[in-house]
Structure formats: C-alpha cells, structure tokens
Number of protein chains: 2
Amino acid sequence: MAKFRLDEVDHQILDMLIENTRIPFTDIAKKLLISAGTVHVRVKKLEEAGIIKGSSLTLDYQKLGYSFIAYVGIFLEKTSQTKFVLNRIHEIPYITVAHITTGKFNIFCKVRAKNTKNAKDIIFMIDDIEGVSRTETMISLEESINDKNRLMHSIFNDL
Amino acid sequence: MAKFRLDEVDHQILDMLIENTRIPFTDIAKKLLISAGTVHVRVKKLEEAGIIKGSSLTLDYQKLGYSFIAYVGIFLEKTSQTKFVLNRIHEIPYITVAHITTGKFNIFCKVRAKNTKNAKDIIFMIDDIEGVSRTETMISLEESINDKNRLMHSIFNDL
DNA sequence: GGTGAAACTTCTAATAA
DNA sequence: TTATTAGAAGTTTCACC
C-alpha cells in the first residue's frame, strides 16, 4: 500500500466534509481560495486512495426510541472460537461495533437498545452464543462525543 | 418534544442516505417512485425534527497512520468529579467518545492512537487528570463494524 | 400530504495554462 | 498541478392536485 501524503489543503477539505458531507464543493473552493474543479479532483483522489471510505448520517437515536447504550465485555471458553462468536454477534441487529481485545475480555461490543428490557434480551442473546462463557455489562448513563476531535487538525497535530 | 412518526418512505430515504450521504435526491426519488421534490421536503423535515443531526465522512484511520484502538475504563476518587474529568478527557484530541457508566467504571472512553507509544502517552495523560484514581485499558486487536445494523430496517424491525 | 416543471445551483470532465 | 469553461445533472421552490 503506497503511503498517501495529504497536504494542508487536503486536511481542510476533509475537515469541511467531516462537518457536513453535503457542503457544495463551490463553498469549499471559495473558503480555500481554489477552484471547485480542484476540490473535485482532490476529493476523488482521496476516495481512490481509500482515505475516504464513505459517508454516513448522524442520527439522533434517542428520538428514534433508542435511549439505551451499553458495552458488553465477553469472555470465551477458547480463543479459537473468536471468529465464530464475532459472526454471531454481528447477526444481532442492535450491535454495531465489536472488537477483539486483549486484556480483560476476548470480545468487546457496543449495544444500542430501546430500554432496559430490550437490553436484557440482547445481553441474554449474547450469553446464549455457543462458546461464550460469561459477559460483563457496562451501562452508559450519558454519551458525550467530541466532534472536534475527528477533525484533521486534531489528528495530525501532535500534543 | 413532539414525537415524530417516520413512515416506510422515511426509513428508506434514511437507509439510502446512511449508506451514502451524497446520493442524489433524484436517484432516491427514482428508486422509491416519488418525485425529487418529495425527497427534498422529507429530508428537510427529518433535519428540522432533529432526527438527522448531521453527516460525516467515514475515513480509513489506518491509512492516516492511526492503527491503534483502545478502550479505557476510568475509576474516580469521587463521582462528584465526573463532569470535571469528562471535560478534561475531551481536551485530549485522541479521544472521540466518552461515556458515564454504571457498573465497573465511572467513565469509559475510546482512544484512537498511532501506535503503542502514542497510546501509552494518552493513557498516562488520563491517569494524570485530577480525580482519576486508576484506569484499566483494553486494547483492540481488530475492530469490526456491521454497517447493515445501522439501517432503519434493523432499527425498527424487532428481533 | 404529493407532483411536475421552471429557475437556480452545483458537478464534472475536457481543455488550456 | 491548478484554473476555466460549458454542458449535464441535481436541488429547490411553487402553483396546483
């Protein structure tokens, strides 16, 4: 994989798109004092290089009736079952992200549920997967996301 | 907050936008056999209702030189320090999401770092925050995201 | 609620610098 | 690499169902 070098203009284009993917390229061009064609070419290159993998909406899950977030740590009977269990995990629609981890747990995943009853069902579902010996749940009382930390100037400027 | 009711058409519009926020409204219209004007009006309503909070790019963080993900559980000396510590946490650019949790930890956050050395620095930074008594780190060896689970048909169709 | 068409804006690719 | 340009494409509004 050839290393792709991004310059300051790329960073700024990415930052604007991170904040709003539907911002017109003409607006980006105006702010950066370059032409819209240049923005177009650069974004295309970033897509071709795979730096930009896609785009997605940020939804208000609370308003959609999902006000419950939990993290579930999973202990396996044998680590050789990891892939199998991970596949089962992803069949559960309420789980969006899972990690294979070192340390305390073997697998670690995020659950978004409607309420405590719904969450309980999901956790039981995880417990029932073949190979899972036990689970440990952490319930989120409040999620706080720092969107600024997603921007390029945070990513590329060291502390 | 008046409850906003989404119908099947809203779900399908959201699903298409979740997969690609820059898909033309005319394409959505064609697929759903409605007019582009209708798509426009519905999206606007979803935005006004706050269901759509925004949009963002999905970036390949590995290609940007960030190949390290960890979750850090934080124990506080006193729970009254929660807000203070959370604010400090969000000043660290490598942390994008933090949760106030019940159970094992008081605060729980996700760290995206360049490498193990960088991660160590970040974790030490967390340890140094006033009020933090100790931390527990789980290193992710592999992250797997199930994008399908973000779609409306997963969210609204119960198991 | 939705439509369809007009007016306006943006995108995109080719050409030129 | 970047800028310009012009035709294609998309968005947005509005009068009318």
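Below, chain A is the first sequence line, B the second, and so on; all start at residue 1. Treat the numbers as computed from the prediction; the structure is a model and nothing was measured.
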Under 4.5 Å side-chain heavy-atom separation, chaining through any Ile, Leu, Val, Met, Phe, Trp or Tyr, what else clusters with B:Val97? Say none if it is isolated. A:Ile145

[X] [atom1] to [N] [atom2]: how many Å, rounded?
| X | N | atom1 | atom2 | result |
| --- | --- | --- | --- | --- |
| A:Glu48 | C:dA13 | CD | P | 10 Å |
| A:Lys31 | C:dT10 | NZ | P | 13 Å |
| A:Ile34 | C:dC11 | CD1 | C1' | 15 Å |
| A:Glu47 | C:dC11 | CD | P | 12 Å |
| A:Ile28 | D:dA3 | CD1 | C1' | 17 Å |

For nucleotides 8-14 of chain D, just jot down a letter per nucleotide in 5' to 3' order: B, S or -, based on protein non-hydrogen atoms under 4.0 Å. --SBSB-

With the threshold set at 4.0 Å, does a side-chain nitrogen-carboxylate oxygen contact exist between [X] and [Y]?
| X | Y | result |
| --- | --- | --- |
| A:Asp10 | A:Arg42 | yes |
| B:Lys31 | B:Asp27 | no |
| B:Lys53 | B:Glu47 | no |

Is any side-chain N or O of B:Arg42 closer than 4.0 Å to OP1 or OP2 of C:dG1? no

Is the distance from OP1 or OP2 of C:dG4 to the nearest side-chain N or O of B:Ser35 less than 4.0 Å? no

Between the side chains of A:Ser35 and A:Thr38, is a donor N or O closer than 3.5 angstrom to an acceptor N or O? yes

Are B:Arg112 and B:Phe68 in a cation-pi setup, meaning NZ or CZ lies under 6.0 angstrom from the ring centre and within 45 degrees of the ring axis?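 No cation-pi geometry.
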
